[in-house]
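This report refers to the structure that appears directly beneath it.
Just so it is clear: chains get the letters A, B, ... in the order the sequence lines come, proteins before strands, and each one is counted from 1.
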Protein chains: 2
Amino acid sequence: MLGDRWTSLILMVLAIGPWRHADLKRALAQLSAEQAISQRVLTLKLRTLERNGFVLRHVTGDVPPKVSYSLSPLGLELAGEGRRMVDWANARAEAIRAARQAFDAAED
Amino acid sequence: MLGDRWTSLILMVLAIGPWRHADLKRALAQLSAEQAISQRVLTLKLRTLERNGFVLRHVTGDVPPKVSYSLSPLGLELAGEGRRMVDWANARAEAIRAARQAFDAAED
DNA sequence: CAGTATCCGTCTCGATACTG
DNA sequence: CAGTATCGAGACGGATACTG
């Protein structure tokens, strides 16, 4: 489930605290920089996360709607696991970069 | 990079030990059960893993070719991280299943 | 603001056939 | 056996317009 473009990033942002839909969209745009998530995809990803019990959806208003999202305890755990992987990858970034360079240089 | 259909599985199998191309293909077919990896995709995934320094490629024969693949120290680390995630997910499988069931039941 | 509907481009995968 | 070439199918994401 983490193997798509946005899910892990959403988890990281939600690990900070609860967000409303539009604010979350803006926050994700900051982090990915090159491209913002579309409204449609954000909804899709949040639905999947909610369905699997990682994200909680709170509806507080009606008109205008106020919906906020937060991590469940299970989601917080998953975000922790995700962070572990990210930290590991960051710590090895230089080794990976070097391996790539060596591989590309060896191409005939 | 782990976010595709085969890479993480390849890592798990290679964590056992070195494999030749065709044997690895057969081993993966066992584990995925429903469908075998195509020769083309296996080569693609192995190339990417090799390029990033996670997999080592050994050529010992010429005709017929004998090529075996094994994990580098870095690859072994990554496989360990992957296993952590898998173990985590397995330990929570029941909670996730229950969350899904509750969510699907709540659909109007 | 939150969410849905629709359409379309792209990227990955799978199947097949072929080479040394 | 290991690898490449080619083609088609399908999943996913992006853009836009629309609703309550």
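- Distance A/L9 CG to D/dG13 P: 13 Å, rounded to the nearest Å.
- In the hydrophobic clustering of this structure, B/L14 does not group with B/V86; members are Ile, Leu, Val, Met, Phe, Trp, Tyr whose side-chain heavy atoms approach within less than 4.5 Å, directly or through other members.
- Taking 4.5 Å as the limit, every side-chain heavy atom of A/I10 sits out of range of all side-chain heavy atoms of A/V55.
- Distances shorter than 4.0 Å separate none of the side-chain N or O atoms of B/K45 from OP1 or OP2 on C/dT12.
- Base pairing in DNA chain C yields stems of at least 3 consecutive Watson-Crick or G-U pairs, both distances under 3.5 Å, namely C:1-20 with D:1-20.
- Computed from coordinates, the B/L46 CG to D/dC1 C1' distance equals 14 Å when rounded to whole Å.
- The CD-P distance, from B/Q35 to D/dA11, rounds to 12 Å in whole Å.
- Side-chain contact check for B/L71 versus B/L49: every heavy-atom pair is 4.5 Å or farther apart.
- Regarding B/R5, its CZ atom lies at a distance of 18 Å from the P atom of D/dA9, rounded to whole Å.
- Computed from coordinates, the A/D4 CG to C/dC13 P distance equals 14 Å when rounded to whole Å.
- Side-chain N or O atoms of A/T7 include none that pairs as donor or acceptor with a backbone N or O of A/G3 at under 3.5 Å.
- Under the 4.0 Å criterion applied to side-chain N and carboxylate O atoms, B/R26 and B/D23 are assigned as salt-bridge partners.
- With hydrogens and angles ignored, the 3.5 Å screen pairs a side-chain donor or acceptor of B/W19 with a backbone N or O of B/V13.
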Distances for protein N/O vs nucleotides 4-8 of chain D N/O pairs under 3.5 angstrom?
residue : atom : partner : partner atom : Å
D/dT6   : O4   : B/R40   : NE           : 3.2

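- Heavy-atom distances under 4.0 Å link DNA chain D to no residue of residues 15-28 of chain A.
- For the pair B/S72 (side chain) and B/F54 (backbone), a donor-acceptor distance under 3.5 Å is present.
- The NE2-P distance, from B/H58 to D/dA2, rounds to 14 Å in whole Å.
- To the nearest angstrom, P of C/dA2 lies 10 Å from CG of A/L42.
- Residues B/L2 and A/L2 have side chains not in contact (no heavy-atom distance under 4.5 Å, counting atoms from C-beta outward).
- Closest to the side chain of B/P65, out of C/dG3, C/dC1, C/dG20, is C/dG20.
- Distance CD1 (B/I37) to C1' (C/dA15): 14 Å, rounded to an integer number of Å.
- Between B/L31 and B/M12 there is no side-chain heavy-atom pair separated by less than 4.5 Å.
- Using a 4.5 Å heavy-atom cutoff, the side chains of A/L78 and B/W88 are in contact.
- Distances shorter than 4.0 Å separate none of the side-chain N or O atoms of A/Y69 from OP1 or OP2 on C/dC1.
- The closest donor-acceptor contact from the side chain of A/K25 to the backbone of A/I37 lies under 3.5 Å.
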